Student: 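Input: one structure, supplied below.
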Amino acid sequence: MLAKTSGQRPALDDRSWVRGFLILSALGFLLLFLVLPLVAVFVEALHRGVDAYWDALVEPDALSAIQLTLIVAAIAVPLNLVFGVAASWCISKFDFRGKGLLITLIDLPFSVSPVISGIIYVLLFGLHGVLGPFLKSQGVQIIFAVPGLVLATIFVTFPFVARELIPLMQEQGTEEEEAALVLGASGWQTFWRVTLPNIKWGLLYGVLLCNARAMGEFGAVSVVSGHIRGETNTMPLHVEILYNEYNFVAAFSVASVLAMLALVTLVAKTVLEWRFGAELAATRH
Amino acid sequence: MAIQVSGITKQFGHYRALDQVDLEVRSGELLALLGPSGSGKTTLLRIMAGLESADSGSLQLHGEEALGLSPRERQVGFVFQHYALFRHMTVFENVAFGLKVRPRAQRFGRSEIKRRVMELLELVQLAHFADRYPAQLSGGQRQRVALARALAIEPKVLLLDEPFGALDAKVRKELRRWLRKLHDDIHITSVFVTHDQEEALELADRVVVMSQGRIEQVGSPADVYDHPASAFVYEFLGQVNRFDCTVADGVARVANGALAIPTENGVQGEAIAYVRPHDLGLSPSAGGPGRVSGIHVVGPDARVEVDLAGLTLEAEMDRERLSFLGLRPGDRCAVHIDRARVFPRR
């Protein structure tokens, strides 16, 4: 409209070759680095036929890996959800000393290599670690067992929910909570009726990301797992073992399940955004 | 006495926000807490609501000690500067919130809640907007929703923090009149915070002028305007000319006697004289001590700047008066002071 009335060219002009070049390069990039590898996974997995694919998935060790991955995620994600909400609540709604330090600590798992996170747990809970002898005397095994996998996964996926929520809650401020309190709401009522509805989309997004990472985590889990087949192998670890054994069909079959998980996560997110987009827009100031 | 504040002190780090504040709010009155930013007025209001704690002192709401009570137990209505409406709830749900969160034993039935909410929306003239979300309303409408929401819990007192601060000038004025009328109808004890002296003087039954965590003066709008208790109040309420002067024998001499102002309040020695621009008279006089340096016409009023012995004075008059005097920039003039206040220099 502006262009027509003033005769000036707006910033977003129809310089078609620029637009075309940018779109093409973005698409090319996506194709090369995202779509092709994804397609390769499924092609490799299926190149001996559907039967071989299916056999690789229902084989006991694979089933155990899938089950273990689900268990680890089912423990780690809810815990990180509760932790993430609690941490962002306290960081964004209250003022206290050491807040900056707390934020830095929450980011720590992002900044250290997952392998190091794994080794920390081995040093702490391993047989020759700080707490190892005590744990052994109590008959508790953490390293090379499911508790170790859960701990390492929690550590690595620690920041996802909090990182998503802190900026959102800081931007929203504390006035709505104050209003609720003055209107007679209790702390719980304020949380359930005011705070949570305001952050639910950010929270959901954080949980989806957290879940994707919890299921796909390799480094930290690899260190604490011990790679015991059928016992402490999660899906990514199982994929690695199969791959190292030149069992490519099985490796890519299990990998394709992980890839589908990622796709489901993405689709779920898109559907939510599409389904509740209007409500989202209406609730933003 | 609806609210009794005694000796309230509040410190933020090294900064003293409130310093031994005493204040009484009478039942049914509309009281303004007026002051520049940092004067402690909002802190005092938030302490009354329980959103901020006091370091020492006491606060009584209707005769009951309230400092130990949580905000939810105080039963006060609070209106925020930026509305603080629940953004994910409709207008109806916002107003109903305070009724729905009551403990089960005290909660009304669904139809009674609906009746009350609609009655309040009727009162704030927003019944047609019950199903809208806050984001779909204008600023003035949002603030009326916030008011209805605060009134829904039948508060004993209504506290408003800069209620018109986020609105544009025209809406602000309308809403101000509307609030005054509402208060005349429902007579709820109300305290509102503002930094706008015009707003305080127009709206309030009594005005509390605050500065640096202390109360400078409490009185009716006419009282604080006509009889400011301190230099600060004089300067804060409206435009003012400020002169350094020396007082001897009941006469304040400004700029080595270029201007002589009679005083009667017994101040002696070094002092500061204040003159409101509309109390400063000018008359054309070829040999007068003043020289007109500028004339600004704003609507029906004219502001005339005068240089007098190195001082710049500002006089205010209506345009008719100005054209009657026939003053133009560069003209010489005589200056008369109709009314002035002299305070000893601190």
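All values reported here derive from a predicted model rather than from experimental measurement. Throughout, protein chains are lettered first and strands after them, A, B, ... in sequence-line order, and every chain is numbered starting at 1.
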Student: Minimum heavy-atom separation for A:E178 and B:F80, please, with both atom names.
Tutor: OE1-CE2, 3.4 Å
Student: Going by side chain to side chain contact (heavy atoms under 4.5 Å, CB included), A:P197 matches just one of B:M89, B:R87, B:H88. Which one?
Tutor: B:H88
Student: Counting only heavy atoms from other residues, nucleotides and ligands, does the tally under 6.0 Å from CZ of A:F29 exceed 12?
Tutor: no
Student: Do any N or O atoms from the side chain of B:H82 and from the backbone of A:E175 form a donor-acceptor pair under 3.5 angstrom?
Tutor: no
Student: Inspect the surroundings of NZ in B:K114 and state if more than 12 heavy atoms from other residues, nucleotides or ligands are less than 6.0 Å away.
Tutor: no
Student: Counting only heavy atoms not in B:Q4 (residues, nucleotides, ligands), do more than 12 fall under 6.0 Å from its CD?
Tutor: yes
Student: Mind checking the CG-CG spacing from B:L51 to A:L181? Nearest 0.5 Å is all I need.
Tutor: 7.5 Å
Student: Evaluate whether atom CZ of B:F108 has more than 12 neighbouring non-hydrogen atoms of other residues, nucleotides or ligands under 6.0 angstrom away.
Tutor: yes
Student: Where on A:E177 is there a heavy atom nearer than 4.5 Å to chain B: the side chain, the backbone, both, or neither?
Tutor: neither
Student: Taking all non-hydrogen atoms of both residues, which atom of B:R72 and which atom of A:S186 are closest, and how far apart?
Tutor: NH1-CB, 3.5 Å
Student: What is the minimum heavy-atom distance between A:V182 and B:V76, and which atoms define it?
Tutor: CG1-O, 3.2 Å
Student: With heavy-atom distances below 4.5 Å as the criterion, would you say the side chains of B:K100 and A:R193 are in contact?
Tutor: yes
Student: Above 12 or not: heavy atoms from other molecules or residues under 6.0 Å from CZ of A:F218?
Tutor: yes
Student: Taking every heavy-atom pair that is under 4.5 Å apart, which of B:A84, B:A150, B:G50 has the most such pairs with chain A?
Tutor: B:A84
Student: Using non-hydrogen atoms and a 4.5 Å limit, figure out which bit of B:R132 sits close to chain A: side chain, backbone, both or neither.
Tutor: neither
Student: Out of B:F78, B:F97, B:Y83, return the one with the most heavy atom pairs under 4.5 angstrom to chain A.
Tutor: B:F97
